[in-house]
Chemist: 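Quick one: structure below, then a few questions.
Predicted model only: the values in this text are computed from it and were never measured.
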Amino acid sequence: MTIAFINARLIDPENGTDKLGSVVVQDGIITEVVYGDNPHIQAEVIDCAGKCLAPGIIDIGVKVCEPGERHKESFASAGRAAAAGGVTTMVIRPDTKPAIDSPETLHFAHSRAVEDAGVNVHLMAALTVGRNGREMAEIGFLQDAGAVAFSDADSVIADNKIFGRCLTYAKGLNALVMGHIQEPSLSKGSAVTSGPFATKLGLPGASPMAERIQLERDMALVEMTGVKYHVDQISTAVALPVLERAKAAGLNVTAGASIHHLTLNELDIEGYRTFFKVKPPLRHETDRVATVDAVASGLIDIISSMHTPQDEESKRLPFEEAASGAVGLETLLPAAMQLVHGDYMDMPTLWRALSLNPAKLLGLAGGRLSKGAPADLVLFDPDKPFVLDRTTLKSKSKNTPFDGRRMQGVVLRTILAGQEIYKTE
């Protein structure tokens with residue numbers, strides 16, 4: 001079937017353009033992109049009425065709790081949430097129970113994803129057995145089994161010799177390693193970012209320097225080994241010069257930022273609201289603005305949701321004891337619209353971080369609005385306001401910091417390989 005999406009505001013992150021046109025799709029592939037007049041072809045026509053049409057979001061760092069904690073999030077519920085949020089590809093973290101650290105657990109997760117997710121799914125695997133930082137996982141076998149990257153998620157490998165060996169081995173396989181940059185001894189036991197506000201609340205804090213110190217360590221080992229390395233989240237201003245120097249030195253390094261750290265700050269935890277407890281903790285406003293500017297300049301390459309489902313029992317606790325994390329698959333797009341409406345960046349720049357750069361990092365064909373690219377698309381109204389009600393989220397867990405917030409940006413349709421997988425009611 002041939003489908004023509006006409007009268008659309010086309011967001012093209014590859015060419016940096018945002019203008020009216022049409023996209024023609026056949027057999028799941030974009031066959032034509034036309035600006036100006038509508039294409040004169042025999043096709044099913046979908047009139048986009050001037051709304052935005054962009055490549056589907058590729059969300060790196062999603063946690064799906066299969067195996068082990070399916071009551072928090074399953075591939076089926078995560079897939080529904082992704083489709084409703086304009087996310088056409090999820091890249092799954094390995095911090096499950098048990099961890100995805102063997103070909104067997106990887107095959108299990110992959111089979112569940114294929115059966116239930118309904119969107120594209122790629123899996124990361126653990127860098128060390130059990131994510132315990134003591135014994136390297138079978139990286140070669142895991143790569144053969146389909147792992148697209150290796151990470152111990154928020155379990156930082158403290159032993160430099162072991163981490164260096166892992167990076168050396170990954171370099172030999174041309175494998176991507178993702179790291180979490182929070183120095184463990186400085187971060188242990190902390191619930192917030194240190195400073196006057198943490199002192200006012202009486203909560204244990206970790207210095208932003210914990211992020212910089214760990215990034216300095218990791219960049220030294222990346223320089224030593226030459227491995228391809230992605231920082232999962234940068235959230236502080238003090239870490240940005242380290243990243244800038246590493247890139248200027250030609251190291252094979254990219255970095256990401258979570259949408260929560262780009263749109264929220266430490267003051268949001270006022271009243272000990274545990275839905276705002278994330279890892280790393282929310283930062284000072286100066287850090288938030290600095291990281292947003294780094295995304296706009298391209299220093300930070302990728303924006304992700306860092307979707308981390310937690311059930312009510314683990315969140316309805318005193319702030320220090322509550323679990324860290326927030327769901328974000330459905331709220332990623334409207335939260336990201338704050339960066340456009342706030343004049344921090346234009347739409348193509350935002351979509352470069354949400355879709356094009358993740359595709360480039362993982363060698364995927366998506367993230368583009370061009371002939372020959374897969375027809376993974378999202379049609380959305382960037383201006384339509386709504387009040388978020390967490391009870392309506394499709395994720396099993398409802399731990400969003402945006403509950404009750406007035407937001408802008410509504411997904412109208414999500415298209416996967418030319419087929420509609422979500423349409424707003």
Chemist: What I want to check is whether the side chains of Thr254 and Asp301 have a donor and an acceptor closer together than 3.5 Å.
Modeler: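 No - no donor-acceptor pair under 3.5 Å links their side chains.
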
Chemist: Output all residues satisfying salt bridge (charged side-chain N to carboxylate O under 4.0 Å, His left out) with Glu270, sequence neighbours left out; order by chain, then residue number.
Modeler: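 If we apply the salt bridge (charged side-chain N to carboxylate O under 4.0 Å, His left out) test to Glu270, skipping adjacent residues, the hits are Lys200.
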
Chemist: What's the separation between atom CE in Met345 and atom CG in Asp293, rounded to the nearest 0.5 Å?
Modeler: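 With rounding to 0.5 Å, CE (Met345) is 8.0 Å from CG (Asp293).
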
Chemist: Decide yes or no for Val295 and Leu262: does some side-chain heavy atom of the first lie under 4.5 Å from some side-chain heavy atom of the second?
Modeler: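 In contact.
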
Chemist: Before giving the answer on salt bridge (charged side-chain N to carboxylate O under 4.0 Å, His left out), spell out for Glu321 and Arg316 the whole-Å C-alpha distance, their side-chain angles and the decisive distance to 0.1 Å.
Modeler: CA-CA 9 Å; Glu321 301 171 24; Arg316 301 294 188 190; over 6 Å; no

Chemist: Counting N and O atoms only, with roles assigned by atom type, does the side chain of Lys63 sit under 3.5 Å from a partner on the main chain of Gly325, one being a donor and the other an acceptor?
Modeler: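 Flag not set: sc Lys63 to bb Gly325 has no pair under 3.5 Å.
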
Chemist: Are any side-chain N or O atoms of Ser77 and backbone N or O atoms of Glu73, one a donor and one an acceptor, separated by less than 3.5 Å?
Modeler: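 The answer is no, because no donor-acceptor pair under 3.5 Å joins these two groups.
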
Chemist: Quick check on Phe386: does its CZ atom have over 12 non-hydrogen neighbours (other residues, nucleotides or ligands) under 6.0 Å away?
Modeler: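 It does: Phe386 CZ has more than 12 such atoms within range.
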
Chemist: Could you walk me through whether Leu251 and Tyr229 pass the side chain to side chain contact (heavy atoms under 4.5 Å, CB included) test, one step at a time?
Modeler: CA-CA 9 Å; Leu251 301 186; Tyr229 186 87; over 6 Å; no

Chemist: Less than 4.5 Å apart, any side-chain heavy atom of Leu377 and any of Phe5?
Modeler: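 A side-chain contact exists here, since the closest heavy-atom pair is under 4.5 Å.
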
Chemist: Looking only at side-chain N and O atoms, does Thr263 offer a donor or acceptor that is under 3.5 Å from a partner on Gln338?
Modeler: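 There is no such pair between these side chains.
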
Chemist: Going by atom types alone, do Thr349 and Asp346 pair a side-chain donor with an acceptor below 3.5 Å?
Modeler: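 There is such a pair (donor and acceptor under 3.5 Å, judged by atom type) between the side chains of Thr349 and Asp346.
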
Chemist: Under a plain distance cut-off of 3.5 Å, with no hydrogens placed, do Arg283 and Asn265 share a side-chain donor-acceptor pair?
Modeler: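 No - no donor-acceptor pair under 3.5 Å links their side chains.
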
Chemist: Do His110 side-chain atoms and Ala145 backbone N/O form a donor-acceptor pair below 3.5 Å?
Modeler: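 Checking the backbone N and O of Ala145 against the side chain of His110, no donor-acceptor pair under 3.5 Å is found.
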
Chemist: Does any donor atom in the side chain of Arg390 or Thr400 lie under 3.5 Å from an acceptor atom in the other side chain?
Modeler: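 Per modelled atom types, Arg390 and Thr400 side chains form no pair under 3.5 Å.
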
Chemist: Ser355 and Arg368: side-chain donor and acceptor closer than 3.5 Å?
Modeler: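 Distance-only check fails for Ser355 and Arg368.
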
Chemist: Tell me, do Asp376 and Ile415 make a side-chain contact under 4.5 Å, heavy atoms counted?
Modeler: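 Not touching, per the 4.5 Å side-chain cut-off.
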
Chemist: Is a side-chain donor-acceptor pair under 3.5 Å present for Thr128 with Asp152?
Modeler: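 Yes - a donor-acceptor pair under 3.5 Å links their side chains.
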
Chemist: Could you go through the ring-ring contact (aromatic ring centres under 6.0 Å, His included) check for His260 and Phe275 one step at a time?
Modeler: CA-CA 11 Å; His260 299 116; Phe275 279 12; over 10 Å; no

Chemist: Can you find a side-chain donor-acceptor pair between Thr308 and Gln310 that sits under 3.5 Å?
Modeler: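 No, because no side-chain N or O of Thr308 sits under 3.5 Å from a partner of the opposite role on Gln310.
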
Chemist: Would you tabulate the side-chain donor-acceptor contacts of residues 407-414 under 3.5 Å, counting partners in other chains and residues two or more places apart, or write 'none'?
Modeler:
unit_1 : atom_1 : unit_2 : atom_2 : d
Gln408 : NE2    : Asp383 : O      : 3.0
Arg413 : NH1    : Glu420 : OE1    : 2.6
Thr414 : OG1    : Ala83  : O      : 2.6

Chemist: Okay, side chain of Arg273, backbone of Asp268: is any donor-acceptor separation there less than 3.5 Å?
Modeler: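 Here the side-chain-to-backbone pair exists.
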
Chemist: How about Ile213 and Ile181: do any of their side-chain heavy atoms sit closer than 4.5 Å?
Modeler: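 In short, these two side chains do not touch, never coming nearer than 4.5 Å.
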
Chemist: Please report the C-alpha distance between Thr105 and Ser102 in whole Å, then the side-chain angles of each, then the deciding distance to 0.1 Å, and finally whether the side-chain hydrogen bond (donor to acceptor under 3.5 Å, both in side chains) criterion is met.
Modeler: CA-CA 6 Å; Thr105 51; Ser102 68; 3.2 Å; yes

Chemist: Regarding Glu285 and Arg288, does a basic nitrogen lie under 4.0 Å from an acidic carboxylate oxygen?
Modeler: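 Yes, charged N to carboxylate O under 4.0 Å.
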
Chemist: Starting at CZ of Arg93, measure out to CZ of Arg131 and round the result to the nearest 0.5 Å.
Modeler: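 Rounded to the nearest 0.5 Å, the CZ-CZ separation comes out at 8.5 Å.
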
Chemist: Taking the six-membered ring for Trp, are Phe380 and Trp351 parallel (under 30°), tilted (30 to 60°) or perpendicular (over 60°)?
Modeler: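 Phe380 and Trp351: parallel rings.
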
Chemist: Is there a side-chain contact between Ser324 and Val278 in this structure, where contact means two heavy atoms from C-beta onward sitting under 4.5 Å apart?
Modeler: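 Side chain of Ser324 against side chain of Val278, heavy atoms only: no contact under 4.5 Å found.
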
Chemist: Answer with yes or no whether the side chains of Asp154 and His180 bring together a donor and an acceptor at under 3.5 Å.
Modeler: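 On atom types as modelled, these side chains do not qualify, holding no pair under 3.5 Å.
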
Chemist: With no hydrogens and no angle check, do the side chains of Asp389 and Thr391 hold a donor and an acceptor under 3.5 Å apart?
Modeler: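 The answer is yes; a qualifying pair exists.
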
Chemist: What's the shortest heavy-atom distance between Gly298 and Lys247, and which atoms?
Modeler: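 Shortest heavy-atom contact: O-NZ, 3.6 Å.
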
Chemist: With no hydrogens and no angle check, just 3.5 Å: does a side-chain donor-acceptor pair link Glu66 and Thr96?
Modeler: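 No pair is found: no donor N or O on one side chain lies under 3.5 Å from an acceptor on the other.
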
Chemist: Just checking, any donor-acceptor pair under 3.5 angstrom between side chains of Thr236 and Asp287?
Modeler: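 No.
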
Chemist: Is any side-chain N of the basic residue among Lys72 and Glu312 closer than 4.0 Å to the acidic one's carboxylate O?
Modeler: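 Judged by the 4.0 Å cut-off on N to carboxylate O distance, Lys72 and Glu312 do not form a salt bridge.
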
Chemist: So, taking the atom named NZ in Lys19 and the one named CD1 in Ile11, what distance separates them when rounded to the nearest 0.5 Å?
Modeler: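 Answer for the NZ-CD1 pair, Lys19 versus Ile11, is 12.0 Å.
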
Chemist: For the pair Lys171 (side chain) and Thr225 (backbone), establish whether a donor and an acceptor sit closer than 3.5 Å, ignoring hydrogens and angles.
Modeler: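 The answer is no, because no donor-acceptor pair under 3.5 Å joins these two groups.
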
